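Take a look at the structure set out below.
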2 protein chains.
Amino acid sequence: MSRKRWRSVKEIRIADVARLAGVSTATVSRVLSDPDKVRQKTHDVVMEAVRRSGYTPNSTAQKLRTRRTMNVLVVAPRLTNPVFAEILRGVDDELTQSGYGIIIGNLDNRREREARYVDLALSRQVDGVLLLTGYIPEKGQRSMRDSGLPIVAMCAAIHEEGIPNVVVQDREATRHAVEYLARLGHRRFGYVSGTLGSIIEVERFAGFREGIAAAGFSQDDVVRWEGPFVFSTGVAAAEDFLKMKERPTGIFAACDESAIGFIKRVRAERVRVPQDVSVIGFDGIEFADYTEPTLTTFRQPLHELGRVGADVLSRLIRNEMKPEDWSVRLPLTLLERDTTGPVLHKDYKSLRRSAV
Amino acid sequence: MSRKRWRSVKEIRIADVARLAGVSTATVSRVLSDPDKVRQKTHDVVMEAVRRSGYTPNSTAQKLRTRRTMNVLVVAPRLTNPVFAEILRGVDDELTQSGYGIIIGNLDNRREREARYVDLALSRQVDGVLLLTGYIPEKGQRSMRDSGLPIVAMCAAIHEEGIPNVVVQDREATRHAVEYLARLGHRRFGYVSGTLGSIIEVERFAGFREGIAAAGFSQDDVVRWEGPFVFSTGVAAAEDFLKMKERPTGIFAACDESAIGFIKRVRAERVRVPQDVSVIGFDGIEFADYTEPTLTTFRQPLHELGRVGADVLSRLIRNEMKPEDWSVRLPLTLLERDTTGPVLHKDYKSLRRSAV
DNA sequence: TCGATTTTTGTAATCGATTACATCTTGCGT
DNA sequence: ACGCAAGATGTAATCGATTACAAAAATCGA
């Protein structure tokens, strides 16, 4: 029976190859890692032995000796959110090029899970950490940075010494969203939040408030619905929205998923989008182009974000960071699609369609 | 400046703790891994030293000595497909419980990328592999199973000695899909494929053909559109569909994304779903409940699939597999939603609404 | 051809844990 | 108090590579 099949595979060590080639282990090691250091003839003999024995170096032994694991940890708040999947793709594209492995840390929106991954970092299983999460620090909680490992923050900016930031311009974009809605004639606003306690949410809401102020409105003109970055948050927000007498007409959702949930729910009650209510999302996930109507949203340069973050991390690991790269803030693109439009509500006289 | 901050963190080794506690390294090791083997008093002294020094064992050294990396590799065809994200969640839930780390392998739908991950396996960076991919073997290509590592196949069944299968009943479900469409009165069928060369696609198409035959139709009544498991495959299929004179009325798409792409595209041309064409998807991703109309589809038990696969793998690693678990085939659930309905086309006289 | 220099190769220490085996303690019965 | 078994602890080998340093071989000029 084959139950122990893989146990029976004989492990080939560098010493076996050395013996087979009639050289020392040092020479074999050199052939494999620094071929210029050996004679061509020796090289060929060793390579032949490697080939015939099917030798592959044991990477754990290499890691121990070289003190480099060639692994990085990527901590994401939730895997099923396409935003993180897309960022991860960028990270993957950049890092596997340079031989790094990616270990994923999935919090599934539960902050307390972070502890496991702090352990991972502390036990030196990885050379660096890419944080796609970011929470407002709680005292007493052991955090990633206690590990002393190189960290790159890719949530909204963490202003902390020694931690580079690779983020998008959330705050500016959110402010811009409000201005955009205001230009369309909206006067009462709704804000569907993201995960409370997350720095991203703090930033986006701050931008939103700035926008409200800049456009000359009072914070009282704003309704805020709270919840994590998921569909159901939008649905719940919509439930509340539907109960209101004086409904807001311009809604900003801190992520596409909740925007989509919101729209789906209100449309089920014959609220028209964008005629009765305009909705603008945030992220630019692929799916947002397949909803009906297609979602107006800010597109994050997700893949690039991942690449850049990974690049910064690998430079940080190699101690090759240039000071000007310590904070990268990528711009977002407003995708004007079909869930936003001028106010048509009876309260308002001028339709200002020209303002679109 | 802090550019070298993490370099200056002094690494604490087990020897340091031993010295601090006035015991040998063996004792420290025992305290940490097998506390019953030491006297209570010694235990306390050592733990205090551990605490004060902030020691965490170097996991690379542990791995080398114990020959267990406590890492598994998960190879997925494409990260941004919510199907794999969801499976990954299940895997994560199961494996991080038992202390395993997850290294991801993302093929991004490009088969040739598999080679990198074969290297990972060969160099013993992981204790086992979870294959969410599966391609029809090509000769000469070095495959995962050459690594001799425990592997669990979670794509459609790979019938190979020593490789357990944890899969869904694709074939049955697909056959069922055809029967379902046939009962609704459909007589001409469309099949939107998944990635060619993938075993999943082979299985699903086989099931489809079986269904066609079982329902008494000829394979000539079927149009097949080819492409990978992505939105645009459905869009492209729709383009072709729109050009046809005699359009199929019952469409099966091998994944929800392409089903959604298809629907979006045909609706843009005023083709009504389900009145003009019924579409049934496969996967049951969360989005499918937010499209308009909501998508009829087969729900895969994704999270459970991940958990079970991970469980089987960890048992396989520990050599605790029971023969009856070598093939697990989870059932799918048909979610009857709004993209399927009885044929209303003028060609057919009886609407057979009762057949729904 | 010889010795000095450079290049190539080998020896053995090292990375940081675990663990077999040896040795030392402790507890217990008499 | 003594002897012996059981329990606790220490010593040192080990996992499988890399690499500093030493030694040997090749190269070169005179």
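Below, chains carry the letters A, B, ... as their sequence lines are ordered, and counting in each starts from 1. Since we're looking at a predicted model, the values are computed, not measured.
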Query - Protein-nucleotide distance (Lys63(A), atom NZ; dG16(D), atom C1'), rounded to Å - result: 13 Å
Requested in this report: Report the distance from atom CD of Glu11(A) to atom P of dT14(D), rounded to the nearest whole Å.
Outcome: 18 Å
Query raised in the report: For dG10(C), does OP1 or OP2 lie under 4.0 Å from any side-chain N or O of Thr27(A)?
Result: yes
Query raised in the report: Is the phosphate of dA8(D), meaning OP1 or OP2, less than 4.0 Å from a side-chain N or O of Arg39(B)?
Result: no
Requested in this report: Specify the separation, in whole Å, of atom OH of Tyr55(A) and atom P of dG16(D).
Outcome: 10 Å
Query raised in the report: So, are Arg315(B) and Asp311(B) salt-bridged, with charged N and O less than 4.0 Å apart?
Result: yes
Query raised in the report: Between the base of dG10(C) and the side chain of Arg30(A), is there a donor-acceptor distance below 3.5 Å?
Result: yes
Query - Presence of Arg65(B) side-chain N/O under 4.0 Å of dA13(D) phosphate oxygens OP1/OP2 - result: no
Requested in this report: Measure the distance from CG on Asn58(A) to P on dA17(D) and round it to the nearest whole Å.
Outcome: 5 Å
Requested in this report: To the nearest Å, give me how far apart CZ (Arg13(A)) and P (dC15(D)) are.
Outcome: 7 Å
Query raised in the report: Rounded to whole angstrom units, what separation is found between the CD1 atom of Ile14(B) and the P atom of dT11(D)?
Result: 14 Å
Requested in this report: For Lys37(B) and dC21(C), give me the distance from atom NZ to atom P, rounded to whole Å.
Outcome: 14 Å
Report summary line: Taken to the nearest whole Å, CE/Met70(A) to P/dT18(D) is 13 Å
Query - Ion pair check, Arg113(A) and Asp93(B), cut-off under 4.0 Å - result: yes
Query - Nucleotide nearest Thr25(B) when distance is taken to its side chain, options dG10(D), dA17(C), dT18(C) - result: dT18(C)
